[in-house]
Asker: 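Have a look at this one.
Below, read A as the first sequence line, B as the second, and so on, with proteins coming before strands; counting in each chain starts at 1.
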Amino acid sequence: MQPRYHPGEIEGPVQAYWEKNHSFEVTEEPGREKFYCLSMLPYPSGHLHMGHVRNYTIGDVMSRYQRMRGRNVMQPMGWDAFGLPAENAAIQRQVPPAKWTYQNIEHMRDQLKRMGFGYDWNREVTTCRPEYYRWEQWFFTRLIEKGLAYRRNALVNWDPVDQTVLANEQVIDGKGWRSGAVVERREIPQWFIRITAYADELLNELDLLEGWPDSVKTMQRNWIGRSEGLEIDFELAGGSGQPLRIFTTRPDTLYGATFMAVSADHPLAQAAAARDSSISNFVASCHSGGASEAELESMEKQGMPLGVDAINPLSGEKIPVWVANFVLIGYGTGAIMAVPAHDERDHEFAIRYGLPIRQVIAPATGESVDVQAQAWVDKEDTVTINSGEFSGLDYQAFFDRVADFAEQRGIGRRQVNYRLRDWGVSRQRYWGCPVPVIHCSACGAVPVPDDQLPVLLPEDVTFMGVQSPLKSLPEWRSAQCPKCGAMGERETDTFDTFVESSWYYARYCTPGAESMLDERANYWLPVDHYIGGIEHAVLHLLYFRFWHKLMRDVGLVGCSEPTVNLLCQGMVLAKAYYRDTEEEGRIWIRPDEVEFQQDPNGQEPMPVWRADGRAVEATGWTTMSKSKNNGADPQDLIDRYGADTVRLFAMFASPPDQALEWNDDAVAGSQRFLRRLWALVHRHHPLPTAPATDFSTADDETKALRHQLHTILQRIQRDMERHQYNTVVAACMELVNALDRFDVAESPQRQAALREALDVLVRVLAPVTPHICHALWEVLAMDGELLDATWPVVDPLALKREQVQLVVQINGKLRAEIEVAADAKDKEIQVIALADPRVSRHIGNAAVRKFVIVPGRLVNIVV
RNA sequence: GCCAGUGUGGCGGAAUUGGUAGACGCGGCGGAUUCAAAAUCCGCUUCUUUCACGAGAGUGUGGGUUCGAGUCCCUCCACUGGUACCA
């Protein structure tokens with residue numbers, strides 16, 4: 001054995017050993033308990049980043065641990081290979097998206113192997129390969145047949161200069177990122193999948209997901225946003241035209257409606273715009289800017305009266321109809337009733353335009369509230385006022401009376417609404433899975449028949465500009481209508497990449513299947529543990545649950561939910577530095593090119609660019625990204641320290657579910673620990689393997705060491721189960737510290753205890769740092785394969801103590817420590833505590849009022 | 001704007017889930033080893049006060065519950081993620 005730790009000489013051979021022995025290739029073993037450990041598949045951006053390293057180390061630690069616990073562990077990996085960055089790379093570097101993507105995959109696969117992750121590569125999925133996406137196309141045509149996929153108009157960001165649809169990310173301050181032109185909100189035809197048909201199931205089954213974090217379940221509940229309300233018609237004054245239909249969750253505020261507001265795209269607004277140029281200017285202005293919710297919700301609320309009145313169906317009062325920029329045609333009915341007294345947004349609008357604010361709800365307690373100053377939005381313990389014959393009711397009573405009233409008269413009905421909208425899956429982009437549809441002038445949108453699938457995406461294309469190349473391939477676009485045989489047009493939209501990532505986990509179970517899935521899926525599914533970033537809490541994880549239910553309803557899978565347990569890791573953050581320049585706009589400077597100058601006035605240290613010594617701006621902690629030039633490259637660290645050090649540090653730096661603020665300096669400390677571990681084993685490895693030693697006659701120091709070993713093991717066991725790997729590593733460090741100080745002398749019992757401790761240490765560290773542990777396992781001449789070694793068990797005898805330390809508090813303040821027999825009675829503890837001089841000094845003459853004893857922990861004396 | 005989360009020494013974090021705040025590591029300081037350096041090893045390291053023993057304060061802010069609060073409740077502040085076309 002080498003006296004020093006050389007990761008570079010260990011890790012390659014250990015990885016070669018795993019490869020040669022097919023160590024991570026698994027198959028179904030019906031009699032054996034399986035464990036399917038899934039990490040979110042990466043987008044192949046070109047290089048592994050710290051977020052990947054963290055995510056995949058967590059998964060690998062979990063997988064290796066479960067294997068040591070005897071389970072048949074499957075851990076697959078693949079590539080979320082379609083998406084926008086490949087198109088950007090194509091435009092910038094004149095390289096086809098396919099070529100760029102496949103190169104990136106090759107490089108990143110090598111990086112993953114270099115990290116020593118135990119993946120079964122026979123199951124690899126690459127979503128841009130036809131053998132994968134053809135089944136997605138097949139499945140989509142089933143959804144069309146079932147009426148679960150359909151086409152309608154929807155809002156997009158339109159760049160009027162580049163003549164293209166922009167992603168929300170590409171809209172910066174309401175302008176296109178390339179052209180700089182003011183973006184327009186435009187409606188175009190798009191494909192949708194009817195997720196709202198599953199809204200109740202998606203909502204209710206959250207309650208069954210005990211292995212999911214509460215935060216994620218809450219976010220999904222709020223996202224689905226089920227609300228019970230009332231749809232009701234407001235007639236227009238003058239009796240002309242359709243009544244205005246609105247949806248409200250607060251019918252109890254109906255008497256407080258002082259105006260109506262409609263979307264700029266509402267027929268009423270369109271009609272008014274046609275006869276009034278100032279209204280048409282306003283309507284036009286409502287179409288500028290991005291379509292994202294954050295943008296729509298945070299913009300200044302503006303509106304104009306349309307010169308039309310509506311009639312309140314309860315009070316008969318005439319109230320004006322306005323057009324407002326915050327009402328959207330795609331949500332609900334595109335019209336609202338506004339109750340400024342009891343809705344914050346309406347209140348803000350009423351104040352701005354001097355519209356009346358009328359209180360119709362009051363606290364049931366009789367307290368008064370000032371609705372002129374601020375909207376009062378409470379729904380519980382309220383009573384209606386100023387509401388004619390409906391006054392004096394609480395929320396539910398009012399709701400029921402008004403709903404009955406409206407239903408009897410046929411002017412409205414009870415209605416359940418969801419915030420959740422149907423899933424728009426169309427993208428006007430090239431690098432995605434083609435939507436398998438042919439448009440025929442006679443038959444409409446016709447699904448491509450199974451025997452003509454897959455609709456192949458041409459991979460050898462050149463990007464002329466920002467437009468999808470599919471639009472400029474006439475021979476690809478023209479196709480025969482499967483129904484009538486006439487010439488039609490292929491759909492040029494491709495799928496949202498969330499479609500691919502909604503079912504990849506199932507395909508991992510059935511490599512090579514000549515159908516979408518086969519019966520093997522039901523051995524592995526559901527996933528036992530899914531690990532990925534918290535940023536996917538709603539969208540991906542909701543589509544993932546939804547698609548699983550769609551597959552269940554086609555009979556492809558047996559269970560209802562795709563994963564039993566979910567671990568959402570926090571983001572990996574770094575500081576970023578930039579400078580705004582005249583010529584190039586904002587330039588981002590790599591953190592390692594920034595140094596800090598002490599300000600002579602004793603202010604905060606100032607960041608400066610080493611290249612020119614001039615000041616730069618610093619952001620706070622932010623996600624690592626290519627665009628901000630602040631990603632710590634794991635490759636540098638792997639080259640310098642080896643995979644085990646990087647894995648160890650990634651686990652040690654913070655608990656998996658918390659954000660990790662990256663700091664390169666601390667990595668060296670993890671390497672130091674592995675060097676100490678190596679040196680420790682080197683010092684002791686000639687020790688004989690001691691078979692079952694009786695420690696009952698051991699000396700005190702040996703007993704103390706074993707007590708420490710087994711309490712540490714107990715903590716490690718607990719923390720492994722709750723996935724708190726940072727404290728697992730800390731506990732291992734504590735153990736190494738203790739073993740370093742322990743003198744084995746010539747005592748066989750001491751040697752046996754140390755041997756026992758080394759054995760435990762190598763086993764518990766194996767999931768985190770598998771390479772060094774593989775090597776140490778051989779050095780210690782242990783039996784069998786470390787990968788399948790059993791997880792160590794706590795010896796309850798070693799945990800037994802005769803004496804325990806208790807802390808003594810007086811009025812909650814720590815004053816002394818006492819030692820008592822482990823089984824001491826409360827009375828005895830009282831006597832010992834009061835006898836302590838530090839205790840009596842603090843009590844003085846005061847009378848003891850109360851004695852609180854927490855067994856094995858503390859005594860609190862209240863005086 | 002809305003939803004969710006986080007806030008503890010110079011830094012990353014720990015705290016048996018209401019019971020000794022600061023485990024473990026980084027950095028720093030002091031020492032050993034060395035011709036010297038690297039590496040390694042030992043000690044100290046929340047703040048204030050004290051020669052010392054000790055005493056006091058302290059977990060973003062302000063309040064509350066409790067014998068006892070980093071942990072539970074309310075208020076406010078700051079930061080992070082998501083916000084439906086980034087993935």
Side-chain angles (χ1 to χ4, degrees), chain A residues 4 40 42-43 45 80 83-85 155-157 165-171 190 213-216 218-223 225 291-299 301 326 344-345 348 419-429 496-498 501 533-540 542-543 568 570-571 573 620-623 625 627 649 652-655 657-663 665-670 672-673 675-676 679 711 714-715 718 724 726-727 729-734 737 740 805-809 811-814 817 849-852 854 857-863:
Chain A
R4 279 171 193 249
M40 287 185 186
Y43 178 79
S45 58
D80 188 16
L84 210 47
L155 270 191
V156 293
N157 301 301
V165 174
L166 298 179
N168 285 334
E169 186 190 51
Q170 299 171 318
V171 179
Q190 314 231 50
D214 288 335
S215 58
V216 173
T218 306
M219 278 189 265
Q220 294 211 350
R221 262 184 216 110
N222 293 337
W223 185 262
S292 71
E293 192 203 26
E295 194 154 342
L296 294 169
E297 286 289 321
S298 52
M299 73 189 169
K301 314 287 181 280
F326 62 87
E344 273 158 23
R345 195 170 55 179
E348 187 193 329
R419 205 186 80 91
L420 179 71
R421 309 195 301 261
D422 276 338
W423 177 13
V425 293
S426 289
R427 297 293 180 270
Q428 295 69 44
R429 309 197 186 288
D496 176 7
T497 56
F498 277 129
S501 57
I534 184 67
E535 69 273 23
H536 295 293
V538 177
L539 290 180
H540 163 64
L542 194 62
Y543 296 143
C568 284
M571 310 286 298
L573 307 176
W621 288 104
T622 178
T623 47
S625 76
S627 61
F649 181 69
F652 181 55
S654 84
D657 55 359
Q658 254 176 53
L660 168 54
E661 294 170 359
W662 188 257
N663 174 10
D665 299 346
V667 180
S670 294
R672 201 169 300 151
F673 168 72
R675 283 202 292 259
R676 289 183 60 203
T711 41
Q714 202 171 33
R715 274 158 49 202
R718 187 196 69 205
Q724 195 173 286
N726 57 327
T727 48
V729 174
C732 290
M733 289 173 168
E734 253 181 87
N737 288 342
D740 255 345
Q805 309 266 324
L806 290 185
V807 155
V808 183
Q809 296 181 335
N811 287 344
K813 271 194 201 288
L814 175 67
E817 264 176 50
R849 291 198 296 155
K850 197 170 174 183
F851 238 95
V852 181
V854 182
R857 301 223 148 264
L858 62 69
V859 177
N860 190 13
I861 304 169
V862 186
V863 297

Asker: Check the phosphate of rU66(B) against K850(A), side-chain N and O only, distance under 4.0 Å to OP1 or OP2. Yes or no?
Answerer: no

Asker: Would you say the side-chain atoms of N222(A) and R419(A) include a donor-acceptor pair closer than 3.5 Å?
Answerer: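 Side-chain D/A pair, N222(A) to R419(A): absent.
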
Asker: Within the structure, does a side-chain N or O atom of R419(A) lie under 4.0 Å from either OP1 or OP2 of rC3(B)?
Answerer: no

Asker: Can you tell me the distance, in whole Å, between the CG atom of L814(A) and the P atom of rA15(B)?
Answerer: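 Atom-to-atom, L814(A) to rA15(B), this comes out as 20 Å.
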
Asker: Quick one: is rA84(B) close enough that its OP1 or OP2 comes under 4.0 Å of any side-chain N or O from R421(A)?
Answerer: no

Asker: Do the side-chain N or O atoms of N168(A) get closer than 4.0 angstrom to the phosphate oxygens (OP1, OP2) of rU83(B)?
Answerer: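 No, because none of the side-chain N or O atoms of N168(A) sits under 4.0 Å from OP1 or OP2 of rU83(B).
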
Asker: L84(A) side chain: which of rA87(B), rA84(B), rG19(B) is closest?
Answerer: rA87(B)

Asker: For rG9(B), is chi within 90° of 0 (syn) or not (anti)?
Answerer: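 rG9(B): syn glycosidic orientation.
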
Asker: Could you check which of rA39(B), rG12(B), rU83(B) has an atom nearest any side-chain atom of A653(A)?
Answerer: rG12(B)

Asker: By nearest atom, which of the nucleotides rC24(B), rC85(B), rA84(B) is closest to the L420(A) side chain?
Answerer: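 Among rC24(B), rC85(B), rA84(B), the one nearest the side chain of L420(A) is rA84(B).
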
Asker: Under 4.0 Å between a side-chain N/O of Q724(A) and OP1 or OP2 of rA15(B), yes or no?
Answerer: yes

Asker: Is rU8(B) syn or is it anti, if syn means the base angle is within 90 degrees of 0?
Answerer: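 Base orientation relative to the sugar is anti.
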
Asker: Is there a side-chain polar atom (N or O) of R427(A) under 4.0 Å from OP1 or OP2 of rA84(B)?
Answerer: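 No, because none of the side-chain N or O atoms of R427(A) sits under 4.0 Å from OP1 or OP2 of rA84(B).
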
Asker: Toss me the dot-bracket line for RNA chain B: Watson-Crick and G-U wobble, both under 3.5 Å, 5' to 3', using | for pairs to another strand and [ ] for crossers.
Answerer: (((((((..(((......[....)))((((((.......))))))((((....))))..(.(((..]....))).))))))))....

Asker: Just jot down the side-chain contact (heavy atoms from CB on, under 4.5 Å) partners of R221(A), sequence neighbours excluded, or say none.
Answerer: L203(A), L206(A), D207(A), K217(A), T218(A)

Asker: Please state whether the rings of Y543(A) and F498(A) are parallel, tilted or perpendicular, taking 30° and 60° as the class boundaries.
Answerer: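 Rings of Y543(A) and F498(A): tilted, as their planes differ by 30° to 60°.
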
Asker: Main chain of S292(A), side chain of E295(A): is a donor-acceptor contact present, judged purely on distance under 3.5 Å?
Answerer: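 No, because the side chain of E295(A) does not come within donor-acceptor range (under 3.5 Å) of the backbone of S292(A).
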
Asker: Below the 4.0 Å mark, does rA87(B) have OP1 or OP2 next to a side-chain nitrogen or oxygen of T497(A)?
Answerer: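 So the side-chain polar atoms of T497(A) do come within 4.0 Å of the phosphate oxygens OP1 or OP2 of rA87(B), strictly under.
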
Asker: Closer than 4.0 Å, any side-chain N/O of N726(A) to the OP1 or OP2 of rA14(B)?
Answerer: yes

